[in-house]
Each structure stands twice: as structure tokens, then as C-alpha cells.
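Single-structure report; data block below.
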Amino acid sequence: MTEKDYNYYTGILKQRLSEKRYYHSLCVADSCVRLCEKYGGDKEKMYLAGLLHDIMKEAGKDKVFSLCKKYGYVMTELEKRSHKLWHAPAGAVYVKYELKIDDPVIFSAIKYHTTGRENMTQEEKILFIADFISADRNYDDVDVIRSKAEISLEDAMIYGLSYTIRDLSKRNIPIHPDTVACYNDTVLKKDDRDY
Ligand code: DGI
Ligand code: FE
Ligand code: FE
């Protein structure tokens with residue numbers, strides 16, 4: 001990315017995000033590059049995807065719903081009622097249609113960065129894990145998932161998904177079908193044992 005583009009995108013991020021989440025975005029972009037170097041992936045695209053992945057995180061309901069309506073993203077009932085999920089698809093459409101970054105790799109990495117999905121692409125997996133292990137994160141198990149991410153992206157995904165599913169179900173919060181599909185798919189592909 002040119003310095004001009006970097007200044008342009010970080011300028012937009014600074015307008016839309018708190019200092020803390022702006023810093024998180026820079027850290028996730030760096031983690032994306034590291035994971036691309038380790039596992040293979042488009043570094044240039046993934047730096048940008050990491051930078052912009054939470055761009056709609058602090059947008060209000062009106063902004064999110066009007067973006068989705070304008071660009072034809074139809075939310076399911078579960079999605080409408082789960083406000084933490086909105087910023088991922090809304091961010092993807094914002095980046096594609098408003099910032100005019102028309103790239104399917106960046107689009108799908110941002111769209112699925114919160115839930116994951118079945119049959120994730122390499123770049124989707126990279127952003128999904130980069131978001132869990134970025135330098136600004138300091139939740140209890142962060143070291144466990146960081147060390148898993150040094151060994152296998154899929155092992156880190158299973159750990160992260162299992163943590164999220166446990167946390168949501170403990171609090172009786174609905175689990176998106178893509179989250180469950182991602183978990184099942186990753187577990188089933190990891191080995192061929194019967195359960
Ligand atoms: O945006 P970040 O905070 O960096 O991270 P994120 O995009 O992974 O969002 C995490 C939040 O999303 C966390 O509060 C849990 C919530 N979440 C993740 N998966 C699901 C979910 N919420 C619902 N309702 N269903 C899910 O499957
Ligand atoms: Fe997010
Ligand atoms: Fe994030």
C-alpha cells in the first residue's frame with residue numbers, strides 16, 4: 001500500500017473508531033501479515049483487511065441497517081437481534097461499495113471475521129485468528145491461542161470457536177449457524193476419528 005493510501009484509510013478509521021479500537025485495527029493488520037508469512041496468504045490484501053475489519057464496529061444501528069439495505073445484505077432474524085454481529089457484514093459492504101475496494105478476498109475475510117463459516121478460505125482463517133491474537137489482546141487464554149496459532153491455524157480456530165461457543169451458551173446468547181458450521185467443519189477436517 002502506498003503511503004497516501006495508508007494515510008487515507010487510517011484517517012477514515014480515526015474518524016470512525018475510538019483510540020483503543022483504532023490501535024486494535026493496526027495490531028490485527030500486523031498479525032495478518034505475520035500469519036500470511038507463516039502460513040501463506042496475500043500480505044498486501046490481508047494488511048488492508050486487518051486494518052479495516054472493524055470499521056463498522058462503532059456505527060449505530062441506523063447506519064448499519066441503511067448500509068445493508070442499500071447494498072442488499074438481508075439479515076436473518078438471529079442477525080437482527082445480535083448486534084455484535086452487525087459490524088462484520090456491514091464492514092464488508094462498506095469497504096466494497098463506499099471505499100470502493102472491490103476485492104473478493106478482502107470482502108469475505110471481513111464479512112466472516114466474527115462468525116467464521118464452513119469451508120473458510122486461507123485469508124478468512126487468517127483474519128479470524130489475527131483478531132484473536134493481536135498484540136492489544138489481553139484476555140485470560142490469549143497465550144494459549146497464540147501458541148496454538150504458532151503450530152496450526154486450525155487448532156487455534158477450534159480453540160477460539162470452542163471458547164466463543166461456551167461463552168455465548170453460558171450467557172444464553174444465540175449462536176450464529178456459521179459459527180457452529182465453522183466449528184464442526186474444522187473439527188471434522190482435523191482428523192478422521194469417529195466420535
Ligand atoms: O470485533 P472484535 O471485538 O474485535 O471481535 P469479533 O468481531 O470477533 O466480535 C466478538 C464479539 O462477537 C463477542 O462479543 C462475541 C460475539 N459473537 C461471536 N460469535 C457470535 C457472537 N455473537 C452471537 N450472538 N453469535 C455468534 O455466533
Ligand atoms: Fe470484529
Ligand atoms: Fe477485531
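Just so you know, ligand 1 is whichever comes first in the structure, and atom 1 is the first atom listed for that ligand. Remember, predicted model here, so these are calculated numbers, not experimental data.
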*Taking Ile55 as the fixed residue, which of Arg21, Arg16, His87 is the one that meets the side chain to side chain contact (heavy atoms under 4.5 Å, CB included) rule?*
Arg16
Using a 4.0 Å heavy-atom cut-off, which part of [X] comes near ligand 1: side chain, backbone, both, or neither?
X      : value
Arg81  : neither
Asp178 : neither
Ala88  : neither

Any salt bridge between [X] and [Y], counting N to O under 4.0 Å?
X      : Y      : result
Arg117 : Asp185 : no
Arg34  : Glu150 : yes
Arg171 : Asp167 : yes

*Say whether Arg137, considering both its backbone and side-chain N or O atoms, lies within less than 3.5 Å of an N or O atom on ligand 1.*
yes
_Geometric N/O contact Thr115 with ligand 1, under 3.5 angstrom_ = no
*For Lys57, take its heavy atoms, then give the atoms of ligand 1 lying under 4.0 Å from any of them.*
1 (O), 2 (P), 3 (O), 9 (O)
*asked:* Using heavy atoms and a 4.0 Å limit, tell me yes or no: is Met56 in contact with ligand 1?
replied: no
*Which residue holds the protein heavy atom closest to atom 8 (O) of ligand 1, what is that atom called, and what is the gap in Å?*
Asp131 OD2, 3.6 Å
*asked:* What protein heavy atom lies closest to atom 20 (C) of ligand 1? Include the residue and the distance to one decimal.
replied: Leu168 CD1, 3.4 Å
*Measuring to protein heavy atoms, does anything land under 4.0 Å from atom 13 (C) of ligand 1?*
no
*asked:* Any N/O/S atom from His113 (main chain or side chain) under 2.8 Å of the Fe ion (ligand 3)?
replied: no
_Only to 10 degrees, please: what angle do the NE2 atom of His24 and the OD2 atom of Asp54 make about the Fe ion (ligand 3)?_
90°
*Mind reading off the angle at the Fe ion (ligand 3) between the NE2 atom of His53 and the OD1 atom of Asp131, rounded to 10°?*
90°
Show me the donor-acceptor pairs within less than 3.5 Å that the side chains of residues 97-109 make with the rest of the protein, sequence neighbours left out.
unit_1 : atom_1 : unit_2 : atom_2 : d
Glu98  : OE2    : Tyr71  : OH     : 2.3
Lys100 : NZ     : Tyr97  : O      : 3.2
Asp103 : OD1    : Val105 : N      : 2.8
Asp103 : OD1    : Ile106 : N      : 3.1
Asp103 : OD2    : Lys45  : NZ     : 2.8
Ser108 : OG     : Pro104 : O      : 3.4
Ser108 : OG     : Glu124 : OE2    : 2.8

_Please check if the number of heavy atoms outside Asp191 that lie under 6.0 Å from its CG is greater than 12._
yes
*Ser162 and Arg166: side chain to side chain donor-acceptor pair (under 3.5 Å), yes or no, with the steps?*
CA-CA 6 Å; Ser162 145; Arg166 259 180 291 135; 2.8 Å; yes
